[in-house]
Structure formats: C-alpha cells, structure tokens
Protein chains: 2
Amino acid sequence: MSRLAKTDADMVRVHNRLAVLDHLRRVAVTTRKAVSEATGLSVSASSAISGALLRGGLLEEIEEDDRSIRRGRPGKSLALCGRAARVAALKIAVGEVSGRISDYAGRPLAEMRRGVDISGKDGGFIVDLLAELASDLTAELAEEPRELDKVVVAVQGKTFSDLSGIVWSPALKHRHIEIAEPLSILLGAPVSVLNDCSLMPEAFRWRADFTGLDFATLFVGFGVGMGLRLNGATFQGKHSSAVEFGHINHMPGGALCRCGNHGCVEAYAGDYAIWRSATGKGDIPAHRIGDEAMQRLADAARAGDPAARAAFEAAGNAIGYGLGRVFTMIDPLPIVMTGSGAKAIDLLETSIRGGIRESAVDGLGSDTPLIVEEDTDALVFDAGTAYALAALDQEFARSGAEATEAA
Amino acid sequence: MSRLAKTDADMVRVHNRLAVLDHLRRVAVTTRKAVSEATGLSVSASSAISGALLRGGLLEEIEEDDRSIRRGRPGKSLALCGRAARVAALKIAVGEVSGRISDYAGRPLAEMRRGVDISGKDGGFIVDLLAELASDLTAELAEEPRELDKVVVAVQGKTFSDLSGIVWSPALKHRHIEIAEPLSILLGAPVSVLNDCSLMPEAFRWRADFTGLDFATLFVGFGVGMGLRLNGATFQGKHSSAVEFGHINHMPGGALCRCGNHGCVEAYAGDYAIWRSATGKGDIPAHRIGDEAMQRLADAARAGDPAARAAFEAAGNAIGYGLGRVFTMIDPLPIVMTGSGAKAIDLLETSIRGGIRESAVDGLGSDTPLIVEEDTDALVFDAGTAYALAALDQEFARSGAEATEAA
DNA sequence: AGACTTTTTCCAAGCCTCGGAAAAAATGGT
DNA sequence: ACCATTTTTTCCGAGGCTTGGAAAAAGTCT
C-alpha cells in the first residue's frame with residue numbers, strides 16, 4: 001500500500017556510484033578530488049568509490065600532458081574506460097535502417113546506413129535485419145570482436161511503453177511487432193525499443209548547457225514529433241511512446257491527416273502536407289516526399305513562389321499554434337528543432353512565432369530559443385547511445401564494480 | 001556540474017521515516033509489524049523508527065476495540081498524533097475568502113467562508129484579510145490556542161512558481177501581489193501560494209484508489225482549469241502555476257476570451273461563454289455568472305431549450321478537443337471533474353467524449369473514466385491540507401523527531 | 001636538498017539497517 | 001487454572017557506507 005519504499009546502505013552505495021559515473025559522463029576526465037567536489041562526497045568516499053570502479057574496470061587512470069603547472073601532488077586523471085562495454089544505437093526509418101556502435105566512454109566506433117525496402121516485411125525479417133546490421137557494424141571494428149552490452153532501437157512511429165516493440169510505424173505495414181526479446185536473444189544483450197522523437201532529449205543528457213533545463217525537441221519532416229525533457233527526466237508516456245505532437249489537433253474539421261483525423265498539426269506541417277498545399281493537390285501523396293524534393297520546394301519559396309511560401313507559412317502557423325498549446329499547458333520551453341523543417345527554418349520561424357503569439361496566453365513563449373540541429377541521424381544516434389549508457393551505468397552502479405574484485 | 005548529489009546515512013534515515021509517515025497517512029492506523037510489511041523495512045527498523053516518531057510526538061499509541069480475535073500478542077495500534085501540528089488551507093476566489101484548519105492527522109477542525117468584495121483591494125488588505133480569517137478559525141476551536149505550522153493559500157488565477165504570491169487573479173484587479181512572506185510573518189508559519197486547479201490532484205495524494213495513478217483534475221466553472229498528476233507527482237510549472245487548460249487554443253481565430261486571445265477553450269466552456277452563447281449576446285458579461293444562473297440555464301437545456309442545449313454542446317466539444325489534445329500529448333488520463341460544469345455533466349459528457357474522439361489519434365481516451373466531484377471547495381481544502389501535511393512530514397522526517405528526544 | 005602544497009590513502013568512529021534471540025502479551029486446550 | 005502456542009516487540013551484535021583527521025605520496029619553488 002505504501003508508495004515510498006525503504007532505503008538502506010546498499011541504496012546509498014548504488015546512488016553514490018551513480019553520482020560518480022554521472023560526473024564522469026559530464027566532464028570526461030577528472031580526479032578523485034574533483035569528483036569529491038562535484039558530488040559532495042568526502043574525498044575519502046570519492047577515493048574509495050573511484051578505486052572500486054577502477055578495479056571493476058569501469059574507469060581507467062590516464063596520463064595527461066596538459067597538467068597545469070600547479071604546486072602540490074598532481075591528481076591522477078580518471079576517465080571512463082571505453083573497453084568496459086559496447087553499445088549500439090539502431091534506427092528504423094522509412095526505407096532505411098542504420099546504426100552506430102560506441103564504447104563505454106561514448107566514443108563512436110562505427111556507423112552504418114543501409115537502404116532496404118522494409119515496408120511489407122514482418123517482424124522476423126526486421127529483427128534479422130537489425131541483427132545483421134549490428135554484427136556487420138561489429139565486424140568493421142579493428143579490435144577483437146566482442147558482444148554488445150546494450151542495444152537501443154529508435155523507431156519512427158508508436159512503440160510499446162514497455163519498450164518491447166513497435167505498435168505501428170509509417171515504415172512498416174505490419175503492426176504490433178515484437179523486437180526486444182527476439183533481438184536480445186540474437187545479440188546477447190538487452191534491447192529497448194523507443195520512439196525516435198521522444199528519445200531525442202536523451203542526446204542532451206550530459207551536456208552542461210542543458211543540465212537541469214526543461215526543453216523540447218521538435219522533429220519536422222515527413223511526420224512531426226516531439227520529445228520532452230521535464231524535471232530532469234525524458235518524458236515517457238505510460239500508454240505508448242507519447243507526445244504525439246504531430247497529431248495534436250490544430251484546426252477542428254481541418255485538413256485530412258495520415259492518421260485519419262482532420263486538422264492535426266502534421267496535416268499542415270508534415271512534408272506531405274506542405275507538398276500537398278504547395279502543389280494544390282488534395283490527396284496525401286502515396287510515397288514519402290524526398291528530402292531533395294522538399295529542398296527544391298523550399299528554394300522555390302525562397303525565390304518567391306507564392307503557393308510554396310503560403311504552404312510553408314501555413315506549416316509554421318500550425319507548428320506555432322501547437323507549441324502555443326504545449327506552452328500554455330506545460331510552460332514555455334526552449335525548442336531544439338531538427339528534420340527537414342530545420343533546414344527550412346528561415347521560411348518557418350516567423351509564422352511559428354506568430355502562431356505561438358496568437359495561441360499562448362499573453363503570447364508567452366513566442367520568443368523562446370529555437371536551436372537548430374540539422375543532422376537528425378546524429379541526434380538520434382547520440383540519444384540512443386546516451387540512453388543505453390545511462391542504463392548500463394545504472395546496472396554497473398548496482399552490481400558491476402565488485403564482480404571483478406581482485407586488486 | 002554534477003546533477004546527482006551524494007547520499008548518506010542521514011538521507012536513509014529521512015527517507016525511511018518519510019516512508020513510515022507516508023504509510024500512516026494512507027492507512028490511518030497500523031502496527032509496527034504492518035509498517036514493516038508495507039515499507040519493506042525490517043521489523044527491527046520499523047520498530048526503532050516508530051519508537052523515535054512516538055517519542056518525537058508525531059505518533060501516538062491508541063487503544064483499539066475492534067481487535068480481531070487472533071492468537072498471539074496483539075500489535076499496539078499506532079496513529080498520527082493530531083496534536084503534533086496544525087495546518088490551514090485558505091482559498092481566495094471571486095468575492096470570497098474561505099479556509100479550513102486541520103490537525104496533523106488530517107482531521108478538519110474548523111471551516112469558514114466569508115464573502116468580501118476584494119476586487120479592488122491591494123496586497124496588504126488581502127494579507128490582513130487572510131490573517132484575520134486564520135485567527136478567527138483558530139479562535140473557534142475549543143482547545144487551547146496555538147500557532148499554525150503550515151499554511152497553504154489556493155488562488156484562482158496565476159501564481160508565482162516559487163509559491164510566493166499572485167501574478168494575476170480574476171478575483172483581484174491588482175497584479176503581482178506578494179502573499180507568502182508578509183502572511184508568514186503575521187501567522188508565524190511558512191506559507192505557500194498555489195493555483196487552486198493545479199493544486200487539486202493533491203487531494204488524492206494518499207487515496208488508495210489513486211495511488212500510482214496518473215490523472216487530471218478538471219475544473220469547469222467561471223474559468224476552466226486543470227491539475228495534472230504525472231509519475232506520482234503533482235505537476236508544477238517552472239514559469240508559473242501551469243496547466244492553463246482553459247487557455248489552450250481550441251479554434252484559431254475563434255471566440256473572444258477574457259484573456260484577450262481568440263478561441264481559447266474557456267471562450268467556449270467557461271460559465272460566461274456558455275451564457276454568452278445561450279443568450280446570443282456577443283459580449284463577455286461584466287460580472288461573474290452566479291452558480292444559480294448556470295443551474296437555471298442547465299435546467300433550460302434539460303427542458304429542451306435549443307440555444308441552451310447548443311451552448312452546452314459547444315462547451316463540451318471545446319473541452320473534449322482540449323482533452324484530446326492533452327491526451328495526444330501526454331497520454332489518456334482519467335478525469336476528475338468539478339465546478340459548475342460537473343453539475344451539468346449530463347449535458348456535457350456526450351459532446352466531451354465526441355470532442356475527444358474527433359481530436360485524439362484513433363479517438364484514444366474517449367472512453368476515459370470521468371469522475372464527478374461536485375463539492376469544489378471541499379476538494380480544494382482537501383488538496384491544500386494534503387499539500388501542507390506532506391510538507392510537514394518532509395520537515396519532520398528531516399529533523400523533527402529527535403528534537404523532543406526525552407522519553 | 002629542503003620547505004611547501006596538494007592529492008591520495010588509511011583507519012577508527014558514527015549511523016543505519018538487518019537478522020536472530022529473547023521477552024511480552026494474548027489465545028486455546030486440558 | 002495452567003501450560004503450550006502463536007504473534008508482536010524489543011534488544012543486541014554484526015555489517016556496510018560515509019566521515020574526518022592523520023599519514024603518506026608526489027610534485028613545485030627557493
């Protein structure tokens with residue numbers, strides 16, 4: 001009946017180890033003293049914990065040359081040991097799977113992209129494809145082969161809230177596809193499946209300029225999606241992958257959306273919607289509008305084509321209204337924007353801010369920072385990797401360090 | 001730089017004491033053994049902590065008559081000691097201030113309501129008024145007078161996120177009114193000022209049927225407001241009091257709202273909006289529509305008056321679209337509804353669910369539970385009291401128990 | 001080479017919780 | 001009535017982690 005569980009010395013140990021690992025993620029290289037200052041632990045405790053993590057193989061002492069010329073005994077530099085683990089961030093998108101392998105220190109080791117027509121394929125095919133991609137990525141490495149320790153699959157579309165697979169994806173005709181369990185058996189590592197957009201805030205998990213900050217990531221491309229970082233945690237819905245920003249209703253009874261409803265934000269701001277509006281065709285195009293096509297359309301708008309301009313303006317307006325609604329509900333948030341929409345930000349920003357101004361109380365948030373990250377793939381890989389490493393840190397803090405206890 | 005702070009034995013003690021208090025809040029009366037089972041603590045620890053809290057005066061051993069006829073040594077019944085503290089939940093509404101005093105066990109001791117024209121008054125007047133109300137409430141008690149230990153002020157309108165006062169309220173013409181500091185000096189107790197709607201989920205904090213559940217409270221009355229309970233915490237915005245559900249835009253360029261924007265949910269679903277729509281008058285009525293007037297309007301709709309019916313239907317539709325937007329963003333949530341709208345739920349429910357169906361992906365959430373709580377004041381008092389008691393528990397867990405250490 | 005400084009390591013002490021044993025307080029047979 | 005049983009509390013030693021201070025280590029500065 002109680003909601004608050006007890007705590008004990010074990011929890012203290014786990015928590016403090018995690019604090020040390022967290023600090024290392026942020027600064028990459030420190031000393032025991034610096035760890036003590038950053039975490040609030042005594043130097044004795046900091047030293048003891050560092051020592052245990054060192055013996056456990058999670059950390060390594062490194063030689064640093066840029067030792068500032070200060071008096072006194074120089075601190076021994078500590079860093080995460082890349083060899084402690086290996087993680088993969090995989091991505092399923094329309095007509096393409098891709099992935100990146102990184103070491104425990106977060107350094108990318110290999111990256112790969114593979115165009116495949118996966119639309120009509122079933123779960124077994126997808127799982128095999130991902131497993132093959134992962135093993136090819138591993139094979140590419142010079143170092144001796146070793147198994148992965150954690151795998152994250154980012155998917156366009158809706159995923160189960162228990163991270164086990166795909167409810168529905170625009171990349172796949174089949175529905176309800178189990179991924180985590182079969183793939184984890186093939187790869188010998190735990191697998192988590194998440195929506196790409198809601199995962200994206202993880203990319204900023206250890207970045208100093210985003211620490212403690214609430215913000216949203218906004219993907220505007222073929223679809224429109226959002227990720228939220230609230231109270232220092234990446235928001236995950238209970239029911240599904242959540243924050244379906246693209247399907248927040250913009251205009252009751254408005255334009256037809258892919259989802260079957262009328263008036264969704266996506267029905268104005270998705271690539272297909274902008275295309276539909278600019279070309280004057282009423283139907284949803286059967287195939288994905290390519291990035292190049294969207295670039296041409298944006299160039300036409302920049303050159304003054306009135307239909308194209310109007311289409312981008314309507315898109316920005318819908319996004320702005322959507323953001324205004326989010327801001328009214330949650331709070332004004334800084335926005336990290338990516339996707340093809342980020343490349344057309346010059347055409348969208350004015351109407352986005354205008355939409356916020358019209359829809360939020362007192363126009364609050366219409367001047368919110370808008371940070372553009374053009375490389376969506378890199379963002380998703382960063383996010384998946386961070387998520388995987390955070391999961392490993394938690395696991396290692398719990399039990400990993402003393403396993404190899406043998407000074 | 002680090003985000004994760006260290007933990008130590010102190011934290012363990014605080015956390016576990018809080019766990020014991022939390023359990024007592026839920027079940028009202030237990031035994032040391034039951035505490036151990038509920039929290040996961042060993043019986044030794046449970047006994048030790050209970051003993052400390054007992055000596056600290058937070059708990060008391062009580063004689064119970066309903067002892068079930070079981071073998072073995074009967075457990076000594078423990079309960080929160082009402083005399084350990086006294087809290088007040090005060091409320092500022094249009095033309096009225098009210099309040100309730102409760103003891104540490106959460107039992108209401110006195111309640112009071114006072115109609116006052118506060119519209120044009122300044123901060124000093126409001127603070128004095130609240131202080132007077134609090135002392136009158138205290139005077140009403142038979143027991144010897146004693147100071148309050150914690151005061152919560154619930155306000156219609158927007159409050160500062162640091163809980164210090166009122167940014168803006170429909171009850172007051174003045175803006176930016178400091179309440180917490182001056183009132184805490186007058187009353188000798190810490191004061192927190194919060195928005196009434198966002199506070200409401202606190203009323204369910206210790207209720208078994210809501211434990212661990214995410215849900216929303218929805219107030220539909222002169223204004224329209226929402227409270228959110230997400231991940232076991234009552235949502236509080238960083239920027240202001242947050243979840244301005246009534247001002248989430250419903251229809252771009254739509255009906256004029258009190259806030260100056262066009263198309264807010266409130267501009268369709270607020271009392272004044274329903275009235276405006278039913279009577280065919282275009283303006284926002286200058287004065288608050290009374291509850292009786294709304295009842296008459298509802299009765300007219302029930303009797304078949306088409307304009308009234310249409311007005312309620314439009315209101316329900318706007319609420320439904322708003323909920324659909326929230327559900328699309330967060331997740332479908334059970335709704336606890338209160339305010340004059342709760343009394344007209346028979347006129348609203350169909351169109352609310354219709355609105356959700358039209359605006360949420362796959363209509364998800366259109367069948368969400370809709371729980372009606374007609375007594376809004378009781379809900380606000382319950383919420384304020386729970387908030388105050390939770391704050392005290394935290395404080396007592398940290399330091400209170402051993403202060404009176406003298407068996 | 002010796003004085004200083006700063007970082008690490010080492011060790012006894014202090015707090016918690018835990019597990020088991022002993023004590024306490026009833027019930028149920030005989 | 002009395003003793004065995006059962007169940008709840010209390011008591012006590014042990015174990016784990018952090019702490020603070022002292023000692024050791026490893027460099028700079030003069």
Side-chain angles (χ1 to χ4, degrees), chain A residues 4-20 29-55 59 61-78 397-399 401-402 405 407, chain B residues 4-20 29-55 59 61-78 397-399 401-402 405 407:
Chain A
L4 258 64
K6 62 145 190 182
T7 313
D8 56 15
D10 266 23
M11 295 290 211
V12 170
R13 189 192 62 241
V14 170
H15 184 100
N16 286 342
R17 285 193 185 191
L18 206 50
V20 172
V29 39
T30 27
T31 64
R32 292 160 172 80
K33 182 80 189 308
V35 168
S36 155
E37 280 162 4
T39 58
L41 287 162
S42 66
V43 278
S44 334
S46 155
S47 186
I49 294 172
S50 302
L53 295 175
L54 217 42
R55 283 193 301 281
L59 269 49
E61 290 187 332
I62 56 174
E63 303 298 327
E64 274 233 296
D65 17 308
D66 70 85
R67 42 185 40 138
S68 38
I69 342 89
R70 281 181 9 272
R71 301 182 61 147
R73 174 175 176 173
K76 257 181 210 144
S77 295
L78 298 171
R398 200 173 311 280
S399 61
E402 294 311 89
E405 177 72 60
Chain B
L4 259 65
K6 62 142 191 185
T7 312
D8 56 16
D10 267 22
M11 295 290 212
V12 171
R13 188 192 63 241
V14 170
H15 185 100
N16 286 343
R17 285 192 185 192
L18 206 50
V20 172
V29 40
T30 29
T31 65
R32 292 160 171 80
K33 181 83 190 307
V35 168
S36 156
E37 281 162 2
T39 59
L41 287 163
S42 66
V43 277
S44 337
S46 153
S47 187
I49 293 171
S50 302
L53 296 175
L54 217 41
R55 283 193 303 281
L59 268 50
E61 289 187 331
I62 56 174
E63 303 299 326
E64 273 235 296
D65 18 305
D66 69 86
R67 41 186 40 138
S68 38
I69 342 88
R70 281 179 9 272
R71 300 184 60 150
R73 174 176 175 173
K76 258 183 209 142
S77 294
L78 298 171
R398 201 173 309 280
S399 61
E402 295 311 270
E405 179 71 62

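A, B, ... follow the sequence lines: proteins, then strands. Residue 1 opens every chain.
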Take atom [atom1] of [X] and atom [atom2] of [N], then tell me their distance rounded to the nearest Å.
X     : N      : atom1 : atom2 : answer
A:D8  : D:dT18 : CG    : C1'   : 14 Å
B:L41 : D:dT9  : CG    : P     : 14 Å
B:R73 : D:dA4  : CZ    : C1'   : 18 Å
A:R70 : D:dC29 : CZ    : C1'   : 15 Å
A:H15 : C:dC16 : NE2   : P     : 18 Å
A:K33 : D:dG27 : NZ    : C1'   : 15 Å

| query | Which comes earlier along DNA chain D counting from the 5' end, the contact point of A:K76 or that of A:S46, where each point is its nearest nucleotide? | reply |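 The 5'-side residue here is A:S46.
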
| task | Could you check A:I49 against A:R71 and say which one's nearest nucleotide on DNA chain D is further toward the 5' end? | result | A:I49

| said: What I'd like to find out is whether the side chain of B:V43 reaches to under 4.5 Å of the side chain of B:K33, using heavy atoms alone. | reply: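 Yes; the side chains approach each other to less than 4.5 Å.
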
| Quick one: are B:T7 and A:N16 in side-chain contact, heavy atoms under 4.5 Å? | yes

| task | Quick one: pull up CG in A:D10 and NE2 in A:H15 and give me the separation to the nearest 0.5 Å. | result | 14.5 Å

| request: Measure the CD1-CG distance between B:I62 and B:L78 for me, rounded to the nearest 0.5 Å. | output: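 Reported value, rounded in 0.5 Å steps: 8.0 Å.
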
| query | Touch check for A:L78, heavy atoms < 4.0 angstrom, all strands: base, sugar-phosphate only, or nothing? | reply | nothing

| task | Could you tell me whether A:N16 contacts a base, only the sugar-phosphate backbone, or nothing, with contacts defined as non-hydrogen atoms closer than 4.0 Å? | result |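 It contacts sugar-phosphate atoms only.
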
| field | Closest nucleotide among D:dG27, C:dT17, D:dC11 to the B:S44 side chain | value |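 For the B:S44 side chain, the nearest candidate turns out to be D:dC11.
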
| query | Checking only heavy atoms, does the side chain of B:S42 share a donor-acceptor pair with the base of C:dG19 at less than 3.5 Å? | reply | no

OP1 or OP2 of [N] versus the side-chain N and O atoms of [X]: is any pair under 4.0 Å?
X     : N      : answer
B:R13 : C:dC16 : yes
A:K6  : C:dC18 : yes
B:S47 : D:dT9  : no

| field | Residue whose nearest DNA chain C nucleotide is more 5′ - A:A9 or A:S77 | value | A:S77

| task | Identify whether the distance between the nearest side-chain nitrogen and carboxylate oxygen of A:R32 and A:E61 falls below 4.0 Å. | result | yes

